[in-house]
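Scroll down for the structure; my scribbles are underneath it.
The structure displayed is predicted, hence computed values, not measured ones. Below, chain A is the first sequence line, B the second, and so on; all start at residue 1. Worth knowing before you read on, the calculation uses all heavy atoms, side chains too, and leaves out hydrogens, waters and symmetry mates.
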Protein chains: 2
Amino acid sequence: MQDPYPHPEIEAVPLTEVLHALSDPLRLRILATLAADGERGWGAFAAGVSPSTLSHHMKVLRQAGLVRHRREGTRCVVTLRDEIGARFPGLLDTVLALEAQAEPAS
Amino acid sequence: MQDPYPHPEIEAVPLTEVLHALSDPLRLRILATLAADGERGWGAFAAGVSPSTLSHHMKVLRQAGLVRHRREGTRCVVTLRDEIGARFPGLLDTVLALEAQAEPAS
DNA sequence: CCCGTTGTTCGATGATCGTCGAATATCGAA
DNA sequence: TTCGATATTCGACGATCATCGAACAACGGG
């Protein structure tokens, strides 16, 4: 799990992979929290799922170019990757806006 | 396969289901064609996949509230369901615009 | 009334997914 | 250096998915 997490080239991410990454309630919730509150530690999303499950979803988001992971001592910080807005303009904004309005309390 | 195809209430469709329906290249291509050229018969999309596979994807799109199916004699016509624009404003437009620009020749 | 066209349904198969627990690795603190 | 906190990896499991071929149903035309 060494520091250099594998982050893909944003240009190499296909649209369908991003859409698939967005099509899960937990992952959507993670992105919404990040968009609203800025970067967070792992633990902010640990409720309800096991550590390994959370790690899996984080990897999906990272491989889809949606988030960036950074090591900070013993814990890990996740950030929204804003290049996604350049690669697929409007996509994340639109989806997060809809998620906020349609699934208010998830 | 009787005429009354089961079309879901648009309000009952969750966002994640729509996103999942959009996260497939063939389904995305079907929607793009519909958006560009208006309603089409089944056969317009039969290239490359077996009839049963196509039928499966059509069902996914229908259940996600994205298209409407109408029987016309022995063949079947598929239309974009525009209520999706009221349920999830901007979503389909955004995705189709990105698909057109990012995956020009699929 | 039979037949061809068209789409659906039904297994079946191999792939992927979401989830978990257990084992492991890394780091900071005592 | 030992320990606890934190995150990853590794099977494993059941569920879902994308795909196909074969069998079936519905319709229109000869």
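- Distances from the side chain of T74(A) to the nucleotides dC27(C), dC27(D), dC20(C) place dC27(C) closest.
- Across all non-hydrogen atoms, the minimal contact from L26(B) to D24(B) is N-OD1, 2.9 Å.
- Checking dC17(C), dT8(C), dG21(D) against the side-chain heavy atoms of H20(A) singles out dC17(C) as nearest.
- Rounded to whole angstrom, the span from the CD atom of E72(B) across to the C1' atom of dT5(C) amounts to 15 Å.
- For S55(B), counting side-chain heavy atoms from C-beta on, the closest listed nucleotide (dT9(C), dT8(D), dG21(D)) is dT9(C).
- The only member of H7(B), K59(B), R62(B), R81(B) that meets side chain to side chain donor-acceptor pair (under 3.5 Å) when paired with H69(B) is R62(B).
- Nearest heavy atoms, L19(A) versus L22(B): CD1-O, 3.4 Å.
- In the set dC20(C), dA18(D), dG18(C), the nucleotide with an atom closest to the side chain of R27(A) is dG18(C).
- Which of dT8(C), dC20(C), dC20(D) sits closest to the side chain of P51(B) comes down to dT8(C).
- Regarding contacts with the backbone of dC20(C), a side-chain N or O of T53(A) is found under 4.0 angstrom from either OP1 or OP2.
- Distances shown here put every side-chain N or O of H57(B) at or beyond 4.0 Å from the OP1 or OP2 atom of dC17(D).
- What separates CZ of R75(A) from P of dT6(D) is a distance of 6 Å, to the nearest Å.
- One interatomic measurement links the two molecules: NE2 of H69(B) to C1' of dT8(C), which rounds to 12 Å at whole-angstrom precision.
- Screening L61(A), I30(A), L31(A), T33(A) against L80(A) for a side chain to side chain contact (heavy atoms under 4.5 Å, CB included) leaves a single residue, L31(A).
- With rounding to whole Å, R70(A) atom CZ is found 17 Å from dT6(D) atom P.
- Within 4.0 Å (heavy atoms only), V60(B) reaches no atom of the nucleic acid at all.
- Distances shorter than 4.0 Å separate none of the side-chain N or O atoms of Y5(A) from OP1 or OP2 on dA7(D).
- Of all nucleotides listed (dT19(D), dG7(C), dT8(D)), dT8(D) comes nearest to the side chain of R62(A).
- Candidate nucleotides dG21(D), dT9(C), dG21(C) were compared by shortest atom distance to the side chain of S52(A), and dG21(C) ranks first.
- In this entry the distance linking CG of L54(A) with C1' of dT9(D) reads 15 Å, nearest Å.
- Between the C1' atom of dA25(D) and the CZ atom of R71(B) lies a distance of 9 Å, rounded to the nearest Å.
- The backbone N or O of V13(A) sits less than 3.5 Å from a side-chain atom of R87(A), completing a donor-acceptor pair.
- One interatomic measurement links the two molecules: CG of L61(A) to P of dA7(D), which rounds to 15 Å at whole-angstrom precision.
- The side chain of W42(B) sits closest to dG7(C) out of dC10(D), dA7(D), dG7(C).
- If you measure from atom NE2 of H56(B) to atom P of dT13(C), you get 18 Å, rounded to the nearest angstrom.
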